S.K.: 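Pasting a structure here, questions to come.
Since the model is a prediction, treat every value here as computed from it, not as a measurement. Note that the numbering runs from 1 along the sequence shown for the chain.
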Amino acid sequence: MAANSQGIQTLLEAEKEAAKVVQKARQYRVQKLKDARSEAAKEIEAYRAQKEDEFKKFEKDHTSQTSSSQSSIDSSTTTQLSDLDKAVDKNKAEVIKKIVDRVLQSDPKLHPNLKKIEA
């Protein structure tokens with residue numbers, strides 16, 4: 001019986017040792033997953049920062065083009081408006097005279113559908 005008890009004791013110790021090894025393996029796996037997650041988070045943050053910088057550079061480049069385009073459009077509009085003002089000032093008197101002449105020119109006629117009533 002003592003040998004049997006000794007064998008059981010050896011098996012129990014081996015089982016405890018195996019449980020410790022399994023527990024260490026689980027802890028190692030959990031730690032590796034945590035490390036992988038934190039490394040992935042760092043890579044994602046670096047990638048996000050890189051893309052944000054690229055976007056800001058792109059936006060800055062295109063904003064300058066937009067502002068230069070806007071300034072050229074503004075100058076063109078100002079030029080066209082001044083040309084129109086000059087044309088209005090130049091032709092104002094003539095246009096007013098033509099409008100007044102048309103309003104005052106009247107040729108009174110009877111309407112063609114009006115019938116003459118004889119008394």
Side-chain angles (χ1 to χ4, degrees):
M1 280 289 232
N4 193 14
S5 176
Q6 182 69 25
I8 291 175
Q9 190 66 26
T10 307
L11 285 174
L12 287 174
E13 287 176 10
E15 186 179 344
K16 285 182 184 178
E17 187 67 30
K20 287 181 184 177
V21 168
V22 168
Q23 184 63 27
K24 283 184 180 179
R26 285 183 181 153
Q27 288 176 348
Y28 179 77
R29 187 187 86 211
V30 167
Q31 187 61 38
K32 282 293 187 180
L33 283 173
K34 287 180 182 177
D35 292 345
R37 282 189 185 124
S38 71
E39 184 66 30
K42 287 178 187 176
E43 287 180 14
I44 288 170
E45 189 58 37
Y47 182 74
R48 181 178 287 131
Q50 175 192 357
K51 288 300 179 182
E52 185 69 26
D53 290 342
E54 288 176 11
F55 175 72
K56 286 181 181 177
K57 182 177 183 270
F58 176 82
E59 191 176 38
K60 180 183 171 188
D61 292 345
H62 286 81
T63 300
S64 65
Q65 288 178 356
T66 302
S67 63
S68 66
S69 297
Q70 185 65 39
S71 64
S72 68
I73 290 171
D74 288 344
S75 65
S76 172
T77 303
T78 305
T79 305
Q80 289 176 354
L81 285 174
S82 65
D83 290 346
L84 284 174
D85 287 340
K86 288 176 187 175
V88 166
D89 289 340
K90 178 182 174 187
N91 297 321
K92 182 192 269 186
E94 185 179 336
V95 170
I96 290 173
K97 183 180 180 312
K98 284 184 179 181
I99 291 173
V100 169
D101 287 345
R102 283 287 184 186
V103 169
L104 294 178
Q105 175 190 13
S106 75
D107 189 16
K109 294 182 189 176
L110 294 177
H111 195 275
N113 290 337
L114 183 64
K115 292 183 180 178
K116 199 175 198 185
I117 300 176
E118 293 185 26

S.K.: Output, in order, the C-alpha distance, side-chain angles, deciding distance and verdict of side-chain contact (heavy atoms from CB on, under 4.5 Å) for Q9 and E13.
M.R.: CA-CA 6 Å; Q9 190 66 26; E13 287 176 10; 3.8 Å; yes
S.K.: Contact between K51 and R48 at the side-chain level, heavy atoms closer than 4.5 Å - yes or no?
M.R.: no
S.K.: Has E15 got more than 12 heavy atoms of other residues, nucleotides or ligands less than 6.0 Å from its CD?
M.R.: no
S.K.: Is a donor from one side chain sitting under 3.5 angstrom from an acceptor on the other, for E54 and Q50?
M.R.: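 Short answer, yes.
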S.K.: Given 3.5 Å as the limit, does a donor-acceptor pair link the side chain of T78 with the main chain of D74, or not?
M.R.: yes
S.K.: About how many Å separate CG of L114 and NZ of K109, when rounded to the nearest 0.5 Å?
M.R.: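 Answer for the NZ-CG pair, K109 versus L114, is 14.5 Å.
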S.K.: Please list all pairs passing the ring pair (Phe, Tyr, Trp, His ring centres under 6.0 Å) test where one or both residues lie in residues 62-84, with sequence neighbours left out.
M.R.: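 Of all non-adjacent pairs touching residues 62-84, those that pass ring pair (Phe, Tyr, Trp, His ring centres under 6.0 Å) are F58-H62.
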S.K.: For the atom pair CD (Q6) and CG (L11), what is the distance rounded to the nearest 0.5 Å?
M.R.: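 So the CD of Q6 and the CG of L11 are separated by 10.5 Å.
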S.K.: For a 4.5 angstrom cut-off between non-hydrogen side-chain atoms, does E39 reach D35?
M.R.: no
S.K.: Same cluster or not: I96 versus L104, using hydrophobic residues (I, L, V, M, F, W, Y) connected whenever any side-chain heavy atoms lie under 4.5 Å apart?
M.R.: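 Yes, because I96 and L104 connect within a single hydrophobic cluster, where side-chain heavy atoms sit under 4.5 Å apart.
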S.K.: Can you tell me how far the CD atom of Q27 sits from the NZ atom of K24, to the nearest 0.5 Å?
M.R.: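 Between atom CD of Q27 and atom NZ of K24 there are 8.5 Å.
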S.K.: Less than 4.5 Å apart, side chain to side chain, heavy atoms only: is that true for S38 and K34?
M.R.: no
S.K.: Atom CD in E59, atom CD in E52: separation rounded to 0.5 Å?
M.R.: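 It is 8.5 Å, given to the nearest 0.5 Å.
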S.K.: How long is the straight-line distance from NZ of K97 back to CG of N91, given to the nearest 0.5 Å?
M.R.: 14.0 Å
